[in-house]
Trainee: 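Supplied in structure tokens, the structure appears directly below.
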Amino acid sequence: MPKPVIITCAVTGGIHTPTMSPYLPITPAEIEDAAVGASEAGAAIIHLHARNPDDGRPDYRPETFMQFLPGIRDRCNAVVNVSTGGGLGMSIEQRLAAALRASPEMASLNMGSLNFGIFPMAEKYDTWKHEWERPFLEMTRDFIFPNTFKTIEYALKELGEKHGTRFEFECYDLGHLYNLAYFVDRKMIEPPFFIQLIFGILGGAGADIDNLLHLHRMACRLFGDDHEWSVLAAGRHQMPFAIRASEMGGNLRVGLEDSLWIGKGELAVSNAQQVRKIRASIEASGLEVATPDQARARLALKGADQVDF
């Protein structure tokens, strides 16, 4: 029988800016409510960034995360996944600060450096809510998101080995799978591996189904039955790729971090709306949606009682 589909929801991220949608969660209370709503709609894992509550810019400070992490834990059973991607331009120490403080069950980990181009979004708006938004987008014309072997090893040791946190390995291109295999070969990462295949970011693999098929095939060749795989695609590609992943026996990620939309020209009013839409598609095809505890068992997580928030 096919395994239940693990839905991850990334509720706010560090890419979209407040001007782009009035529904993007910004304050700790908004992020907490968005996470709980997504969990109630069917997400087993909640992928979390923080925002400065005053102007919405990405915020790495552990004290900001601690304003919503305990509330999420108390109000739902979802697996809490703290991003180590942070915001573009942050140091690795800043990006890991919240996860090292919180010791979550899961954290994301980017598996390679890449050009990360979000500057085309700046061309779509003439006025901005905050002065930081346009320069933040424009600076990615000349920006490399650094995830070197040294920084990956640092995260694996400081967060993985010392805290028992397991990772959502974010792979934007074929080489990132081979980077992951390098650390697996060195016994620094033990199965089961949770691999997030990412499409549609300018600088990474394009949102082309052939790319999905190829990267999935290579992941199977490299990691065999020792891995769980999931798919996210940016913008309008979010739902088609999520549906295709579930049809192929994989898992998926939705959320306002990856797309602000629920349909053509229609902004999503919440993360829960996106989760409900993909859940309906999954269940209509005869598949089941995984519970948080099913996800914990399949990903060998330490449990919600072993976190520090």
Trainee: Looking only at heavy atoms, what is the nearest atom pair of L109 and F167, with distance?
Mentor: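 In terms of heavy atoms, the two residues are closest at CB-CD2, 3.7 Å.
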
Trainee: Partners of K129 by side chain to side chain donor-acceptor pair (under 3.5 Å), sequence neighbours excluded?
Mentor: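 Here no residue qualifies.
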
Trainee: Tell me every residue that passes ring-ring contact (aromatic ring centres under 6.0 Å, His included) with H163, counting only those two or more places apart in sequence or in another chain.
Mentor: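 By the ring-ring contact (aromatic ring centres under 6.0 Å, His included) rule, H163 matches no residue at all.
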
Trainee: Exactly one of K150, K157, E158 should register a side chain to side chain contact (heavy atoms under 4.5 Å, CB included) with Y154. Which one does?
Mentor: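 One option only clears the test, and that one is E158.
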
Trainee: R51 side chain to G13 main-chain N or O, any donor-acceptor pair under 3.5 Å?
Mentor: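 Yes, the answer is positive, given that a donor and an acceptor are paired below the 3.5 Å cut-off.
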
Trainee: Would you say the side chain of W229 lies within less than 4.5 Å of the side chain of F193, judging by non-hydrogen atoms?
Mentor: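 Side-chain contact under 4.5 Å: no.
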
Trainee: Less than 4.5 Å apart, side chain to side chain, heavy atoms only: is that true for V231 and R244?
Mentor: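 Heavy-atom side-chain distance check fails, nothing below 4.5 Å.
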
Trainee: Could you work out, with ring-ring contact (aromatic ring centres under 6.0 Å, His included) as the rule, every residue matching F136, not counting sequence neighbours?
Mentor: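 By the ring-ring contact (aromatic ring centres under 6.0 Å, His included) rule, F136 matches W132.
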
Trainee: So, are E105 and R296 salt-bridged, with charged N and O less than 4.0 Å apart?
Mentor: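 A salt bridge links E105 with R296.
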
Trainee: Which word best sums up how the rings of H216 and H227 line up, parallel for under 30°, tilted for 30 to 60°, or perpendicular for over 60°?
Mentor: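 H216 vs H227 ring planes: tilted.
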
Trainee: Under 3.5 Å, which donor-acceptor pairs link side chains of residues 201-213 to any protein atom two or more places apart or in another chain?
Mentor:
residue, atom, partner, partner atom, Å
D208, OD1, D210, N, 2.8
N211, ND2, G206, O, 3.0

Trainee: Listed by chain and number, what are the ring-ring contact (aromatic ring centres under 6.0 Å, His included) partners of H49, not counting sequence neighbours?
Mentor: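 H49: ring-ring contact (aromatic ring centres under 6.0 Å, His included) contacts with H47.
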
Trainee: Looking only at side-chain N and O atoms, does E170 offer a donor or acceptor that is under 3.5 Å from a partner on Q196?
Mentor: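 No donor-acceptor contact under 3.5 Å links the two side chains.
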
Trainee: Going by side chain to side chain donor-acceptor pair (under 3.5 Å), name the residues that satisfy it together with R279, two or more places apart in sequence or in a different chain.
Mentor: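 Side chain to side chain donor-acceptor pair (under 3.5 Å) list for R279, sorted by chain: E283.
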
Trainee: Taking ring-ring contact (aromatic ring centres under 6.0 Å, His included) as the test, write out the residues that go with F143, two or more places apart.
Mentor: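 So F143 forms no ring-ring contact (aromatic ring centres under 6.0 Å, His included) with any residue.
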
Trainee: Name the atoms and distances for all side-chain donor-acceptor pairs under 3.5 Å in residues 32-41, with sequence neighbours left out.
Mentor:
residue, atom, partner, partner atom, Å
E32, OE2, R75, NH1, 2.9
D33, OD1, R75, NH1, 2.8
D33, OD1, R75, NH2, 3.4

Trainee: For the pair T12 (side chain) and P25 (backbone), establish whether a donor and an acceptor sit closer than 3.5 Å, ignoring hydrogens and angles.
Mentor: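 Yes: the side chain of T12 pairs with the backbone of P25.
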
Trainee: For R57, run the side chain to side chain contact (heavy atoms under 4.5 Å, CB included) check against D59, D54, D55 and tell me which one passes.
Mentor: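 Of the listed residues D59, D54, D55, the side chain to side chain contact (heavy atoms under 4.5 Å, CB included) partner of R57 is D55.
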
Trainee: Enumerate the side chain to side chain donor-acceptor pair (under 3.5 Å) contacts for residues 260-271, please, sequence neighbours excluded, ordered by first and then second residue.
Mentor: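 Sorted pair list comes back empty.
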
Trainee: If you compare all heavy atoms of L267 against all heavy atoms of P22, which two are closest, and at what distance to 0.1 Å?
Mentor: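 Taking every non-hydrogen atom into account, CD1-CD, 4.1 Å.
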
Trainee: Could you tabulate the donor-acceptor pairs under 3.5 Å formed by side-chain atoms of residues 118-128, not counting sequence neighbours?
Mentor:
none

Trainee: Which heavy atom of G85 sits nearest to which heavy atom of S108, and what is that distance?
Mentor: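 Looking at all heavy atoms of both residues, the shortest contact is N-OG, 3.9 Å.
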
Trainee: Which hydrophobic side chains are connected to F194, either touching it within the sub-4.5 Å cutoff or through other members that do?
Mentor: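 Members alongside F194: I6, I45, V79, M106, L299, L301.
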
Trainee: Mind jotting down which residue pairs meet the side chain to side chain donor-acceptor pair (under 3.5 Å) criterion with at least one end in residues 298-309? Sequence neighbours excluded, please.
Mentor: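 Side chain to side chain donor-acceptor pair (under 3.5 Å) check on residues 298-309 returns S103-K302, E228-R298, N251-R298.
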
